[in-house]
**Student:** 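Structure in structure tokens, see below.
Note that these values count all heavy atoms, side chains included, but never hydrogens, waters or copies made by symmetry. Counting convention: from 1, in listed order, for ligands and their atoms alike.
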Amino acid sequence: MATALLIVDAQLDFTEGGALGVAGATTAFRRIAETIQAGLRDGTLAQEHPLIVTTQDWHIDPGDHWSDSPDYVDSWPVHCEAGTPGAELNPIISLALRGVHPDRLLRVTKGEHEAAYSGFEGHDAEGAPLAELLRARGITAVDVVGVATDHCVRATALDAVSAGFQVQLIADQTAAVDLGRGQAAIQELREAGARIL
Ligand SMILES: [Zn+2]
């Protein structure tokens, strides 16, 4: 069984102080980076996670996903505009990934013209969808981390289950916009068949 590490939306705009900062994001990103660095140090990374995928919200014109009066459930302040610094990965993550061989990294963007909470709505630079990219590399399981537990992490993990992947959520490497909704999302994922670590 080959397992990909799926790092969801570890972007500057979702970091505390960003356009749509999520409390706890920095802590989650540090834990993700530490795990990657530990795996690089002891040589187990390529075995545990032969592929690392980063997803990025990459909005050009996402319609009513952006709002001047957001409800923080279905509409949000302007965030992760394609090509802006806020849409870049947090350096905590990008620096950790520098040690990973480029063949083992996959960058997926999503939401150019729609909300796209799930990484499975995303694609690589050539437009190939995530599920197809994972299958082409023999990936049968995914470990999901990142932000936000109650939105993009939830949607990505649920789609991964639906697409037939074995799914683990590494809960302490995620952060939620709303703690109650985050807990509800974890319960929903458990019921959908994901393993929660
Ligand atoms: Zn968005």
**Student:** With rounding to the nearest 0.5 Å, note down the distance linking OG1 in Thr3 to CD in Gln166.
**Tutor:**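 One finds 7.5 Å between OG1 of Thr3 and CD of Gln166.
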
**Student:** Step by step, would you call Gln187 with Gln183 a side-chain hydrogen bond (donor to acceptor under 3.5 Å, both in side chains)?
**Tutor:** CA-CA 6 Å; Gln187 187 54 32; Gln183 283 307 316; over 6 Å; no

**Student:** Taking only distance into account, with no hydrogens and no angle test, what donor-acceptor pairs under 3.5 Å do side-chain atoms of residues 74-84 form with protein atoms, sequence neighbours excluded?
**Tutor:**
unit_1: Ser75; atom_1: OG; unit_2: Asp71; atom_2: N; d: 2.9
unit_1: Ser75; atom_1: OG; unit_2: Asp71; atom_2: OD1; d: 3.2
unit_1: Trp76; atom_1: NE1; unit_2: Tyr117; atom_2: OH; d: 2.9
unit_1: His79; atom_1: ND1; unit_2: Pro77; atom_2: O; d: 2.7
unit_1: His79; atom_1: NE2; unit_2: Asp57; atom_2: OD2; d: 3.1
unit_1: His79; atom_1: NE2; unit_2: His59; atom_2: NE2; d: 3.2
unit_1: His79; atom_1: NE2; unit_2: His65; atom_2: NE2; d: 3.2
unit_1: Thr84; atom_1: OG1; unit_2: Glu81; atom_2: O; d: 2.6

**Student:** Within less than 2.8 Å, report the number of protein N/O/S atoms around the Zn ion (ligand 1).
**Tutor:**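 Count of protein N, O, S atoms less than 2.8 Å from the Zn ion (ligand 1): 4.
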
**Student:** Can you name the residues that form a salt bridge (charged side-chain N to carboxylate O under 4.0 Å, His left out) with Glu188, not counting sequence neighbours?
**Tutor:**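 Checked Glu188 against salt bridge (charged side-chain N to carboxylate O under 4.0 Å, His left out); matches are Arg154.
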
**Student:** Could you state the interatomic distance from CD1 (Ile32) to CD1 (Ile93), rounded to the nearest 0.5 Å?
**Tutor:**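 Rounded to the nearest 0.5 Å, the CD1-CD1 separation comes out at 4.5 Å.
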
**Student:** Report the hydrophobic cluster partners of Leu158, with the cluster defined as I, L, V, M, F, W, Y residues connected by side-chain heavy atoms closer than 4.5 angstrom, directly or transitively.
**Tutor:**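 Direct or chained contacts put Leu158 with Leu6, Val8, Leu51, Val53, Leu106, Val108, Phe120, Leu130, Leu133, Leu134, Ile139, Val142, Val144, Val153, Val161, Phe165, Val167, Leu169, Ile186, Leu189, Ile196.
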
